Enquirer: 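The structure that follows is given in the form of C-alpha cells.
Please read these numbers as outputs of a predicted model, since none were measured by experiment. Each chain gets a letter, A, B and so on, in the order its sequence line appears, and its residues count up from 1.
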There are 2 protein chains.
Amino acid sequence: MPHVYDHPRAALTVDCVVFGFDGGELQALLIRRGLPPFKDTWALPGGFVRVEETLDEAARRELEEENGLRNVFLEQLYTFGSVHRDPRERVVSIAYFALVKPEAVAAATDAAEAKWFPVSDLPTLAFDHAEILTTALSRLRGKLTYQPIGFELLPRKFTLTQLQRLYEAVLGHHLDKRNFRKKVLSLDLLTPLEESRQEGPHRPAQLFRFDPERSDRLKERGFLFE
Amino acid sequence: MPHVYDHPRAALTVDCVVFGFDGGELQALLIRRGLPPFKDTWALPGGFVRVEETLDEAARRELEEENGLRNVFLEQLYTFGSVHRDPRERVVSIAYFALVKPEAVAAATDAAEAKWFPVSDLPTLAFDHAEILTTALSRLRGKLTYQPIGFELLPRKFTLTQLQRLYEAVLGHHLDKRNFRKKVLSLDLLTPLEESRQEGPHRPAQLFRFDPERSDRLKERGFLFE
DNA sequence: TGACATAGTGTGTGTTTTACACTTAATTGT
DNA sequence: ACAATTAAGTGTAAAACACACACTATGTCA
C-alpha cells in the first residue's frame with residue numbers, strides 16, 4: 001500500500017507488561033535484549049506493529065512469539081509517545097498489560113532470555129519501560145478494586161486464601177480474613193467445587209472457581225472492593 | 001531523520017472528543033470534513049502527529065488550530081488501530097478526550113465548520129468516530145464518579161444546582177438534591193464565594209468555586225460518587 | 001495421641017447511604 | 001403592598017455497609 005498521507009512517520013510498536021503471581025509476590029515478565037540499543041538490558045516483551053494487523057493482534061503475536069503465551073487476559077494500557085523514547089528515531093508504543101495464570105507461567109519462562117522478576121525488585125529497564133511498568137501497576141491496582149480480574153492471575157481452581165494473598169500482594173497491605181471472605185462471597189462470583197485442597201499438615205481448603213457468567217451480570221453495575 | 005527500522009508504516013493521527021455542557025445537555029464538538037474521504041461528513045477534530053511533537057502536543061495543537069481552544073482539560077483515551085478504519089491506508093489514531101468550560105465554548109463555535117451537538121442526538125460520523133465517541137462517553141461517566149473532573153465543564157463560578165444538573169446530564173438519571181449537596185460539600189472541594197447569583201424570580205443561589213489545591217489532597221485517597 | 005498449622009466462622013459498633021417535605025428569598029403581576 | 005410563583009436551601013430516621021476482633025475445626029506428622 002502506498003503512503004497516501006505523505007509525512008515523515010513514526011514507527012509503531014506494542015509493549016506488554018505481563019503480570020504473574022506465584023502465590024507470594026506479583027511478578028513481571030522481562031526479556032533480555034539481544035540487540036542495540038540497550039543491548040543486554042532487560043525490557044518489556046514487544047515489537048513492531050505490522051501494517052496488516054490490529055494493535056491487539058500485534059500484542060498477542062509478540063507474546064506468543066517471544067514468550068509462548070496464548071489466551072492470556074490482555075488489555076490496552078496507554079500509548080507512550082515521547083519524542084526521544086527511542087534514541088534512534090521516533091517510535092510510538094502502544095502499551096498493553098497482560099495477566100497470566102500460573103498454568104502458563106512455566107511456558108513463558110522456557111522462552112529464551114525471558115525471566116520473571118518480582119515487581120518489588122526489578123532490574124534497570126530499557127527505554128521508558130520503567131515508566132510503562134509503573135503505569136501498568138497502578139492500573140492493575142485500580143482495576144482490582146472495581147473489577148473482578150484477580151482471577152486471571154490464579155489457577156482455575158483456587159482457595160479463598162490464595163485469592164486473599166493475591167489481593168494483599170497487589171494492593172500492598174494486609175486484609176482481614178473474615179471481612180475479605182464475607183465480601184468476596186457476597187459478590188456471588190465464585191462457585192464452590194466438590195474438591196478441597198490438602199496442602200500441608202492442617203485442615204484442607206475448599207476450592208472455588210471463578211464463574212465468568214455471573215461476573216457479566218455484575219460488570220454493568222460495577223462493584224467495589226475496599 | 002532516516003527510518004532506522006524499515007517497514008511499511010502506519011500513519012499516526014490524534015482525534016479529540018471534546019465535551020461541553022450548556023446547562024442542560026452534554027455536548028460534543030464536531031467538524032465538517034472539507035476533503036475526502038467522508039467529505040462533508042461530521043468528524044472529530046484531529047489530525048496527523050508530527051514527527052517532532054509528543055502525542056499530547058499534537059492533540060493540543062489540533063484543538064487550537066481547528067477550534068481555537070487552549071488550556072482545556074485533556075486526557076488520553078484509547079488508541080484505535082483497526083486495519084481498515086481509514087479506507088485509503090493504515091491509520092492508527094490515538095484518541096483524547098477534552099473537557100471545555102462554557103467560557104471557551106463560544107470560541108470553539110466561531111471556528112469554521114465546527115459545531116456543538118448534544119450527545120443524545122449526533123449526526124452520522126466519519127471513520128470509526130462514533131465508536132471513539134462512545135468510548136469517551138463511558139470513560140467520562142466512569143471518571144465523574146471517582147474523580148473531581150466535573151468542574152472542568154462548568155464556569156469558574158457555579159452553583160450547586162448547576163453542578164447537580166451536570167451530573168444528572170452525564171450520568172443520565174435524577175439525583176436527590178439534599179443528598180447530592182451533602183455529599184459534594186462533605187468532600188471539601190468547594191469554596192463558597194461572597195457573591196450569589198440572581199437568575200429568575202426566586203431566591204438567589206450561593207456561588208462556589210472549585211479548589212484544585214484541596215482536590216490534590218483528596219486525589220490520593222480517591223473518592224466515590226454514587 | 002498430642003502438637004502443629006491453616007481453614008473456617010459471627011457479632012457488635014460506627015459510618016455511610018438513602019428516602020423523603022417544608023421553609024426561605026427573591027421576582028412578577030395585579 | 002401583597003399574592004403568586006419559582007428555585008434555593010435545609011434535617012432526620014432507617015437501612016445498608018464497613019470494620020474490628022478471637023476462637024473452633026480438621027487435617028498431618030512425629
Enquirer: Counting N and O atoms only, with roles assigned by atom type, does the side chain of A/Gln76 sit under 3.5 Å from a partner on the main chain of A/Ile94, one being a donor and the other an acceptor?
Expert: no
Enquirer: Of the options C/dT9, D/dG27, D/dC21, whose atoms approach the side-chain atoms of A/Pro204 most closely?
Expert: D/dG27
Enquirer: Choose from C/dG8, D/dG9, D/dA20 the nucleotide whose nearest atom is closest to any side-chain atom of A/Asn179.
Expert: D/dA20
Enquirer: Would the base of C/dA26 count as contacting B/Arg197 through its side chain, where contact means a donor and an acceptor less than 3.5 Å apart?
Expert: no
Enquirer: Between the base of D/dA18 and the side chain of A/Lys183, is there a donor-acceptor distance below 3.5 Å?
Expert: no
Enquirer: Specify the separation, in whole Å, of atom CG of A/Leu187 and atom P of D/dC17.
Expert: 11 Å
Enquirer: Determine: side-chain N/O of B/Arg181 to OP1/OP2 of D/dG9, distance under 4.0 Å, yes or no.
Expert: yes
Enquirer: NE2 of B/His202 versus P of D/dA7: gap in Å, rounded?
Expert: 6 Å
Enquirer: Per the atom types in the model, does the base of C/dT16 pair as donor or acceptor with the side chain of B/Lys182 at under 3.5 Å?
Expert: no
Enquirer: Using atom CG of A/Leu185 as one end and atom C1' of C/dG10 as the other, report the distance to the nearest whole Å.
Expert: 14 Å
Enquirer: Please tell me which of A/Asp176 and A/Glu199 maps to the more 5' nucleotide of DNA chain C, matching each residue to the nucleotide holding its nearest heavy atom.
Expert: A/Glu199
Enquirer: Reckon B/Gln206 touches a base, only the sugar-phosphate, or nothing at all at heavy-atom distances under 4.0 Å?
Expert: sugar-phosphate
Enquirer: Among D/dG11, D/dG27, D/dG9, which nucleotide has an atom closest to any side-chain atom of B/Arg178?
Expert: D/dG11
Enquirer: Would B/Glu113 and B/Arg33 count as a salt bridge (Lys or Arg N to Asp or Glu O under 4.0 Å) if you check the C-alpha gap in whole Å, the side-chain angles of each, and the deciding distance to 0.1 Å?
Expert: CA-CA 8 Å; B/Glu113 303 297 336; B/Arg33 287 181 59 83; over 6 Å; no
Enquirer: Pick the closest DNA chain C nucleotide for B/Lys177 and for A/Ala205 by heavy atoms, then say which residue is nearer the 5' end.
Expert: A/Ala205
Enquirer: Near A/Glu168 CD, under 6.0 Å, is it more than 12 heavy atoms from other residues, nucleotides or ligands?
Expert: yes
Enquirer: Can you tell me how far P of D/dC19 sits from NE2 of A/His174, to the nearest Å?
Expert: 13 Å
Enquirer: How far does CG of A/Leu69 sit from SG of A/Cys16, to the nearest 0.5 angstrom?
Expert: 9.5 Å
Enquirer: Base, sugar-phosphate alone, or nothing: which one does A/Thr161 contact when heavy atoms must sit under 4.0 Å apart?
Expert: sugar-phosphate
Enquirer: Taking the minimum atom-to-atom distance to the side chain of B/Pro201, which one of D/dC21, C/dT27, C/dC20 wins?
Expert: C/dT27
Enquirer: Can you tell me if B/Glu66 uses its side chain to pair, donor with acceptor, with the backbone of B/Ile31 under 3.5 Å?
Expert: no
Enquirer: Whole angstroms only, please: what is the CZ-C1' distance between B/Phe180 and C/dT17?
Expert: 15 Å
Enquirer: What is the distance, rounded to the nearest whole Å, between atom CG of A/Leu160 and atom C1' of C/dT9?
Expert: 12 Å
Enquirer: Rounding to a whole Å, what distance do you find between B/Gln162:CD and D/dA7:C1'?
Expert: 13 Å
